[in-house]
Number of protein chains: 2
Amino acid sequence: MDTKAAGRVDFVGDVMDPACPSRVVFARVGDKWASLVIQVLAEGPLRFSELRAHVQVVTPKVLTQVLRALERDGLVTRTVFAQVPPRVDYELTPLGRTLLGPLSELRHWAEHNVAAMLAARDAYDDAQDRL
Amino acid sequence: MDTKAAGRVDFVGDVMDPACPSRVVFARVGDKWASLVIQVLAEGPLRFSELRAHVQVVTPKVLTQVLRALERDGLVTRTVFAQVPPRVDYELTPLGRTLLGPLSELRHWAEHNVAAMLAARDAYDDAQDRL
DNA sequence: CGGTATCCGGTTGGATACTG
DNA sequence: CAGTATCCAACCGGATACCG
């Protein structure tokens, strides 16, 4: 389950490994759309067009790519209903649902601290301009 | 501090906003090196060359970019010591330190669940190959 | 030591148009 | 409705070389 150091998987050293667990997960979370889709699906299954409506600006191609990636990672299921017009539902798997916790932690941090971050940016940019 | 819906900042709707807090933070966390650097700095301040040693494969240019971004966001401080040879220390700010919690939550999720993710990937890829 | 300058290939995200 | 196909521009991360 771990790469090598069985007794200290918590150590940051793991993170250096390119094939490291954190890297894999952090990449998904940092994906422009992935964690957004996951959080939209938190409330329940949605069809493709509903997802498009929720994630307003995403193009069908990109949305498909994201959903395929999430499906591949076992985070969402894709259910095709044999009917016309076609209907495809996307739903979080149990595994995907366990990601909601860490994700919302991050969301809460963001909501509480982003003001400070943006203020810091302004200050930094101002300081640069004066040079 | 929030964008508009004061009574329900927790709702996912916020996340749609391109200027949404979560988007800003998720982008940082998802950055290939940023959250890695933050976690390396958790143990204490490090100089540039020490960071390079810890984050083995990163090139100086990229490491500089990451550090500048983190500094701009008020997550790390950059301290230059006027001496020869030059010495520059990077250290987490109080704000940056508060990010360690959510980040390690994510790390723990990764360590516990990445095996399932990778297994799902293999299964998915196998299924594709058979088509 | 702690960077910067220049160049570059690969990936990402998107616009547009078309299909089962 | 739920995608796919094609093309494309921008950005990212990196290799290499050089500088204060």
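Letters A, B, ... are given to chains in the order of the sequence lines, protein chains preceding strands, and every chain is numbered from 1. FYI, side chains are in, hydrogens and waters are out, and symmetry mates aren't considered; it's all heavy atoms of this structure.
- Tested against Val37(B) for a side chain to side chain contact (heavy atoms under 4.5 Å, CB included), the candidates Leu70(B), Asp31(B), Leu46(B), Val76(B) yield a single pass: Leu70(B).
- Using modelled atom types, one side-chain atom of Glu50(B) and one backbone atom of Arg47(B) make a donor-acceptor pair closer than 3.5 Å.
- In this structure, Phe81(A) reaches neither bases nor backbone, as no heavy-atom distance under 4.0 Å exists between it and the strands shown.
- Within the 4.0 Å cut-off from OP1 or OP2 of dC1(D), not a single side-chain nitrogen or oxygen of Tyr90(A) is found.
- Between Arg47(A) and the phosphate of dA2(D), there is a side-chain N or O to OP1/OP2 separation shorter than 4.0 Å.
- Atom CD in Gln65(B) sits roughly 13 Å away from atom C1' in dA15(D) (whole-Å rounding).
- Ring planes of His112(A) and His108(A): tilted class, angle from 30 to 60°.
- A straight line from CG of Leu67(B) to P of dG13(D) spans 14 Å, rounded to a whole angstrom.
- In this structure, the CG atom of Leu51(A) is 13 Å from the C1' atom of dG3(D), given to the nearest Å.
- Checking dG14(C), dG2(C), dG14(D) against every side-chain atom of Val58(B), the shortest atom distance belongs to dG14(D).
- When each of Trp33(A) and Pro86(A) is assigned the nucleotide of DNA chain C bearing its nearest heavy atom, the one mapping closer to the 5' terminus is Trp33(A).
- For Val62(B), taking side-chain heavy atoms from C-beta onward, the closest of the listed nucleotides dG14(D), dC1(D), dG2(C) is dG14(D).
- The interatomic distance linking Gln83(B) (CD) with dC1(C) (P) rounds to 12 Å, in whole Å.
- Phosphate contact (OP1/OP2 of dA2(D), side-chain N/O of Ser49(A), threshold under 4.0 Å): present.
- Side-chain N/O atoms of Arg87(A) include none lying less than 4.0 angstrom from OP1 or OP2 on dA2(D).
- Look at CZ on Arg52(B): it is 11 Å from C1' on dC1(C), rounded to the nearest Å.
- One interatomic measurement links the two molecules: CG of Leu46(A) to C1' of dG3(D), which rounds to 17 Å at whole-angstrom precision.
- Transitive grouping of hydrophobic side chains (ILVMFWY, heavy atoms separated by less than 4.5 Å) keeps Val84(B) and Val88(B) in distinct clusters.
- A pairwise comparison of heavy atoms in Phe26(B) and Ser35(A) identifies CD2-OG, 2.9 Å as the closest pair.
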Show the distances under 3.5 angstrom between N or O atoms of the protein and N or O atoms of nucleotides 4-11 of chain C.
residue : atom : partner  : partner atom : Å
dT4(C)  : OP1  : Arg68(B) : NH2          : 3.2

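- A donor and an acceptor atom, one from each side chain of Gln128(B) and Arg72(A), are nowhere located under 3.5 Å apart.
- Of the possible donor and acceptor atoms, one in the side chain of Thr93(B) sits under 3.5 Å from a partner among the backbone N and O of Gly96(B).
- Remark: Arg78(A) is in phosphate contact with dG3(D), judged by side-chain N or O atoms under 4.0 Å from OP1 or OP2.
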